[in-house]
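Below, chain A is the first sequence line, B the second, and so on; all start at residue 1.
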Protein chains: 2
Amino acid sequence: MNSEFTIAVHSLVLLAYLPERMASSETIAENVQTNPARIRKVMSVLRKSGFVETREGVRGGYRLAVEPGEVTLGDIYRAMAQGSLMPGWCSGDPEMDCIVGSNMRTVMNGIFCTAEKRLEDYFDSITIQAVLGQIRAC
Amino acid sequence: MNSEFTIAVHSLVLLAYLPERMASSETIAENVQTNPARIRKVMSVLRKSGFVETREGVRGGYRLAVEPGEVTLGDIYRAMAQGSLMPGWCSGDPEMDCIVGSNMRTVMNGIFCTAEKRLEDYFDSITIQAVLGQIRAC
DNA sequence: TCGTACTGTAATTATATTCGTTACAGTTCG
DNA sequence: CGAACTGTAACGAATATAATTACAGTACGA
């Protein structure tokens, strides 16, 4: 679920860069270097979250529905990849006798939750506009 | 590579909790809820980083080689899972014409690097001792 | 109103990663 | 010497991730 975050950011930055702020899934896919179906899947989530509008049919595609300076990577992260920090596998087992084995899972959960909040805070400090600025500065 | 970090933390906390600060891979595996070979693999890294000493042969096992109050989760993260935040898959292609497609990878790399530093900073604020304290407080 | 150019979505396959298992050589102690 | 350990690698199973294909639905324009 993590590289979809990267794809989402890339797609929105590309839309923000284009004069019309609009492109088809094929154009975006070429720029991102993946296939159109994957882009459509990601864009489907971004549409439901209100970041883009879609137009089906001829001359259709995706159009940026927000101001690049007002959307942060944190917003995108929450829509696409929330919870990705915590490993799927967890150690210990609440049913154990040993307090270490039985409580470790809860404690690590708390630590990962806080870590994730910190990560979101950092992502919240970066807008789509800022990413585009960094790209132009390359 | 991410759940090995959890296993490493769990193992070190368990050692810090035990009176002798020592246990075999089988004992640790049972507590963590995995198999001994996996534990030995993780402990092998921790040994090379100086967190534990091992004794082979009869009555052998792993002994904590540091003070629980002086080792942070950041130290463990750097030893076990550094770089795990960045997705394996990267978008764009430096050879492209479009500045977005060609520079996105570099920019995202920088963003993920900083995010990772922040994550380490947070992990550096938590010692093995502190995790054990949280477990006791459960 | 029909054909073309799009999106939406799901099913299927291919590939990579993660985890468990087994095996066995090497080490230490009694 | 034999029992109880670690060190390490090879193999296979399970799971996660990504690509591909397919096709129904929609909108525009001739």
Nearest to the side chain of R40(B), which nucleotide is it out of dC19(C), dT6(D), dT9(C)?
dT6(D)
Measuring from the side chain of A37(A) (C-beta onward, heavy atoms only), which nucleotide among dT21(D), dG7(D), dC19(C) has the closest atom?
dT21(D)
Without decimals, in angstroms, what is the distance between K48(B) NZ and dT8(D) C1'?
9 Å
Could you identify which residues of residues 7-33 of chain A place a heavy atom less than 4.0 Å from some atom of DNA chain D, listed by residue number, or say none?
none
Name the closest nucleotide to the Y62(A) side chain, picking from dC28(D), dT21(D), dT7(C).
dT7(C)
Given dG20(C), dG8(C), dT8(D), identify the nucleotide with an atom nearest to the side chain of T54(A).
dG8(C)
Geometric cation-pi criterion R38(B) and W89(A), 6.0 Å radius, 45° cone
yes
Carboxylate-amine/guanidinium contact D124(A) R78(A), below 4.0 Å
yes
Base, sugar-phosphate, or nothing: which does G61(B) touch, judged by heavy atoms less than 4.0 Å apart?
sugar-phosphate
Ranking dT7(C), dT8(D), dA27(D) by distance to the side chain of V58(A), first place goes to dA27(D)
Which nucleotide in the list dA5(C), dC19(C), dA19(D) gets nearest to the side chain of R38(B)?
dC19(C)
To the nearest angstrom, how far is M43(B) atom CE from dT6(D) atom P?
9 Å
Out of dT8(D), dT7(C), dA19(D), whichever nucleotide has its closest atom nearest the side chain of E56(A)
dT7(C)
Residues R21(B), E67(B): salt bridge by 4.0 Å N-O rule
yes
Relative to the ring of F112(B), is the ring of F5(A) parallel (under 30°), tilted (30 to 60°) or perpendicular (over 60°)?
perpendicular
